[in-house]
Amino acid sequence: MSTTSQCRICDGTVTEFIDFGRQPLSDAFVVPGDEKKEFFFRLATGICESCTMVQLMEEVPRDLMFHEAYPYHSSGSAVMRTHFHELAKRFLTTELTGEDPFIVELGCNDGIMLKAIAEAGVRQLGVEPSGGVADLAAAKGIRVRKDFFEEATAADIRKNDGPADVIYAANTLCHIPYMDSILKGVTTLLGPNGVFVFEDPYLGDIVERTSFDQIYDEHFFFFTARSVQEMARRNGLELVDVERIPVHGGEVRYTLALAGARKPTEAVAELLAWEAERKLSEFATLERFAANVKKVKEDLIALLTKLRAEGKRVVGYGATAKSATVTNFCGITPDLVEFISDTTPAKQGKLSPGQHIPVREYREFADDHPDYALLFAWNHADEIMNAEQAFRDAGGQWIRYVPNVHVS
Ligand code: SAM
Ligand code: TMP
Ligand code: ZN
């Protein structure tokens, strides 16, 4: 086992700061009886000494994660539907106002963002390798190409459709280790004044909130303004805007343009200064993060063990990909958490990866409220807790572990 690896951005040395050990694929919910077929890998994270990009030490083959049965459906959250609708409206009134504008989205999933673009009659293309969700997007009238975006895909799109005014990716770019190919593709496909906009979980929020469950197989990179600026520079692009956004536990929306095409906003310098002040890219900061993670693990297991000893019922809420890291790293067994309630049909009736906690439909939670709900979908906390007044009225309490273990 090596505690260094080669950086996927600059070939520099990546040094490990946290090791979660053997972990399953976070979205590979297990059909009962298939427990022995699970794929495991070593989940560990390090920082590149040269370009400061934080990344996984080991890569999982993409076809194991993104395939016909990829279970994550973006439209499952009302807050996210509003979030993407607002962004689509913004694109329609800013970047997509020229003659016959064109937008390409990487990882369009079930069409949550492109729906409003298609309805406005603006030329669009979603590039989505996971067949099941791609079909859902196509059923909404969106043009979809079932493919992985990479250099060759981008060249083909440029040949058929011409340059893009906007290339967009939400919660997708950080999933892709082969960044070299992606950024070559982006520079090929982007029009001279086009923008490449992407939003992903922000390392600044992960460190501040100890939200270690953002680390799992699909999240390969953990971006900062500094590492993205460096990544852009190496590939003929420039970071021209950043925006902190509250979704999914804290993200940043980055805007890249071809180098020299646009003037960077004040926000870029401000976020870079904020990161420098917090020493976000320093090894000691990340070691402190790792120590905080260990404390959350100990506190959570102590609480769940105590509740079990008291005979209380605890049910998980939201079989998120993130929960795979929490349950497997902390050792949360079906003995401690009876089942996980989730509204996604593709997850129901299956077992959680690794720990094999049953995933059941929401009705089972609502019909027989437990004493405690362990909020795995903490990134949707406001939406969920507002909707669960009946659970609260029945005396139910929430267990949360971000930024620390607490009951409310
Ligand atoms: N954009 C949606 C959102 O924010 O809710 C979906 C995000 S989902 C977590 C990541 C998506 O990226 C998956 O639907 C997956 O199939 C897709 N994906 C993975 N690799 C890709 C690639 N190389 N090109 C395009 N999409 C990719
Ligand atoms: P995410 O954190 O990756 O967005 O996943 C959220 C998961 O939680 C997804 O499987 C759907 C589920 N979920 C519920 O079961 N109920 C809810 O109210 C919400 C918002 C999500
Ligand atoms: Zn590097």
Side-chain angles (χ1 to χ4, degrees), residues 6-14 26-27 29 46-55 62-63 65-68 70-81 83-84 87 104-114 126-134 137 145-150 153-154 168-179 181-182 185 198-200 213-214 216 218-220 227 230-231 234 247-249 251 316-323 340-348 359-362 365 375-388:
Q6 192 175 22
C7 176
R8 294 298 309 247
I9 303 297
C10 77
D11 292 338
T13 302
V14 177
S26 60
D27 264 322
F29 290 85
I47 182 165
C48 174
E49 289 168 6
S50 309
C51 74
T52 75
M53 184 65 83
V54 170
Q55 55 202 281
R62 66 186 188 181
D63 300 305
M65 298 184 283
F66 308 117
H67 45 65
E68 198 59 33
Y70 182 65
Y72 182 69
H73 292 189
S74 302
S75 297
S77 154
V79 168
M80 293 313 297
R81 288 198 298 275
H83 170 79
F84 287 120
L87 179 68
V104 176
E105 184 180 7
L106 283 51
C108 69
N109 199 274
D110 60 9
I112 189 168
M113 198 286 286
L114 285 181
V127 185
E128 175 52 71
S130 299
V133 288
R145 176 175 175 144
K146 278 191 198 176
D147 222 339
F148 286 97
F149 184 91
E150 56 194 343
T153 329
Y168 175 67
N171 307 298
T172 296
L173 199 69
C174 76
H175 292 53
I176 307 180
Y178 40 100
M179 191 63 85
S181 174
I182 296 292
F198 56 94
E199 53 194 69
D200 287 288
D213 56 348
Q214 294 282 14
Y216 54 91
E218 293 174 24
H219 285 177
F220 189 85
S227 62
E230 181 61 17
M231 171 178 97
R234 289 172 174 274
V247 296
H248 286 312
E251 300 202 326
Y317 199 111
T320 56
K322 291 184 288 297
S323 67
I340 305 173
S341 160
D342 197 286
T343 51
T344 315
K347 298 181 182 180
Q348 295 161 356
V359 181
R360 304 216 181 116
E361 49 185 297
Y362 170 70
F365 172 86
L375 187 57
F376 288 126
W378 58 266
N379 48 313
H380 303 291
D382 290 346
E383 178 176 355
I384 290 171
M385 289 164 81
N386 286 337
E388 292 298 350

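Predicted model, so just to flag it, every value in this text is computed and none were measured. Counting starts at 1 for both ligands and their atoms, in listed order. Keep in mind that the numbers below use all heavy atoms, side chains included, and drop hydrogens, waters and symmetry copies.
- At a heavy-atom distance under 4.0 Å, only side-chain atoms of Lys347, from C-beta outward, approach ligand 2.
- When only modelled atom types and interatomic distance are considered, Thr153 and Asp147 share no side-chain donor-acceptor pair under 3.5 Å.
- Other residues, nucleotides and ligands contribute more than 12 heavy atoms inside 6.0 Å of the CG atom of Asn386.
- Ligand 1 places these atoms under 4.0 Å from at least one heavy atom of Ala170: 1 (N), 2 (C), 3 (C), 4 (O), 7 (C).
- Remark: ligand 1 atoms within the under-4.0 Å shell around heavy atoms of Val127 are 25 (C), 26 (N).
- Side-chain contact between Thr172 and Phe149 is absent, with no heavy atoms from C-beta onward closer than 4.5 Å.
- Side-chain contact between Asn379 and Gln214 is absent, with no heavy-atom pair separated by less than 4.5 Å.
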Can you check side chain to side chain contact (heavy atoms under 4.5 Å, CB included) on Glu230 and Thr52, steps first, answer last? CA-CA 9 Å; Glu230 181 61 17; Thr52 75; 5.9 Å; no
Please determine whether side chain to side chain contact (heavy atoms under 4.5 Å, CB included) holds for the pair Ser50 and Cys7, giving the CA-CA distance in whole Å, both sets of side-chain angles, and the decisive distance to 0.1 Å. CA-CA 9 Å; Ser50 309; Cys7 176; over 6 Å; no
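- With contacts defined as side-chain heavy-atom distances shorter than 4.5 Å, the pair Lys322/Phe376 does not qualify.
- One option in Ile340, Asp342, Asp382, Asn171 has a heavy atom closer to atom 10 (O) of ligand 2 than any other, and that option is Asp342.
- Considering backbone and side-chain N/O atoms, Glu383 never comes within less than 3.5 Å of an N/O atom of ligand 2.
- Ring-plane geometry between His175 and Phe66 is classed as tilted, the angle between the planes lying from 30 to 60 degrees on a 0 to 90 degree scale.
- Val79 places none of its side-chain heavy atoms less than 4.5 Å from the side chain of Asp382.
- Ligand 1 has no nitrogen or oxygen under 3.5 angstrom from a nitrogen or oxygen of Arg62.
- Note: no N/O pair closer than 3.5 Å links Ile182 and ligand 1 by distance alone.
- The angle that Cys10 SG and Cys51 SG make at the Zn ion (ligand 3), rounded to 10°, works out to 110°.
- Of all protein heavy atoms, the one lying nearest to atom 19 (C) of ligand 2 is Ile384 CD1, 4.0 Å.
- Protein heavy atom closest to atom 13 (N) of ligand 2, with residue, atom name and distance, is Thr343 OG1, 3.8 Å.
- In this structure, Asn109 and Tyr70 have side chains that are in contact, with non-hydrogen atoms separated by less than 4.5 Å.
- For ligand 2, the atoms closer than 4.0 angstrom to any heavy atom of Thr344 are 9 (C), 10 (O), 11 (C).
- Taking only nitrogen or oxygen atoms, main chain and side chain alike, Cys108 does not reach within less than 3.5 Å of ligand 1.
- For the pair Tyr72 and ligand 2, a heavy-atom separation below 4.0 Å is found.
- Val127 approaches Phe148 most closely through the heavy-atom pair CG1-C, 4.2 Å.
- Within the 4.0 Å heavy-atom cutoff, His73 does not count among the residues contacting ligand 2.
- In terms of protein heavy-atom proximity, atom 4 (O) of ligand 2 is nearest to His380 NE2, 2.7 Å.
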Take Arg62 and Glu150 through the test side chain to side chain contact (heavy atoms under 4.5 Å, CB included) and record every step on the way to the result. CA-CA 12 Å; Arg62 66 186 188 181; Glu150 56 194 343; 3.4 Å; yes
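- Among the atoms of Phe149, some N or O lies under 3.5 angstrom from an N or O of ligand 1.
- In terms of N/O distances under 3.5 Å, ligand 1 is approached by Tyr178.
- Taking atom 6 (C) of ligand 2 as the reference point, the nearest protein heavy-atom neighbour is Thr320 CG2, 3.6 Å.
- Looking at ligand 1, you'll find an N or O of Glu128 within less than 3.5 Å of one of its N or O atoms.
- Checked against a 3.5 angstrom limit, the closest N/O atoms of Ser130 and ligand 1 fall inside it.
- Closest to atom 27 (C) of ligand 1 among all protein heavy atoms lies Pro129 CD, 3.4 Å.
- Atom 6 (C) of ligand 1 has as its closest protein heavy atom Ser74 OG, 3.4 Å.
- Side-chain atoms of Gln55 come within 3.5 Å of backbone atoms of Met53 as a donor-acceptor pair (strictly under, hydrogens ignored).
- Trp378 places none of its side-chain heavy atoms less than 4.5 Å from the side chain of Tyr317.
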Start with the C-alpha distance between Glu105 and Glu128, add both sets of side-chain angles, then the distance that settles side chain to side chain contact (heavy atoms under 4.5 Å, CB included), and finish with yes or no. CA-CA 8 Å; Glu105 184 180 7; Glu128 175 52 71; over 6 Å; no
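- Here the protein heavy atom with the shortest distance to atom 12 (O) of ligand 1 is Thr172 OG1, 3.3 Å.
- The closest approach between Ile176 and ligand 1 falls below 4.0 Å for a heavy atom of the residue.
- Using a 4.5 Å cut-off on side-chain heavy atoms (C-beta onward), Met179 and Leu173 make contact.
- The atoms of ligand 2 that sit less than 4.0 Å from any heavy atom of Gly318 are 8 (O).
- Side chains of Glu383 and Ser77: a donor on one and an acceptor on the other come within 3.5 Å.
- Using a 4.0 Å heavy-atom cutoff, Met80 is absent from the residues neighbouring ligand 2.
- Scanning the protein for heavy atoms near atom 13 (C) of ligand 1, the closest one is Tyr70 CE2, 3.5 Å.
- Looking at ligand 1, you'll find an N or O of Asn109 within less than 3.5 Å of one of its N or O atoms.
- When only non-hydrogen protein atoms are considered, atom 4 (O) of ligand 1 lies nearest to Asn171 ND2, 2.8 Å.
- Near Gly107, meaning under 4.0 Å from one of its heavy atoms, ligand 1 places the atoms 1 (N), 2 (C), 6 (C), 12 (O), 17 (C), 25 (C), 26 (N).
- In this structure, Tyr72 and Glu218 have side chains that are not in contact, with every pair of non-hydrogen atoms separated by 4.5 Å or more.
- Contact annotation: for His175 versus ligand 1, heavy atoms closer than 4.0 Å belong to the side chain alone.
- The contact set between ligand 2 and Asn379, taken as ligand atoms under 4.0 Å from a residue heavy atom, comprises 1 (P), 2 (O), 4 (O).
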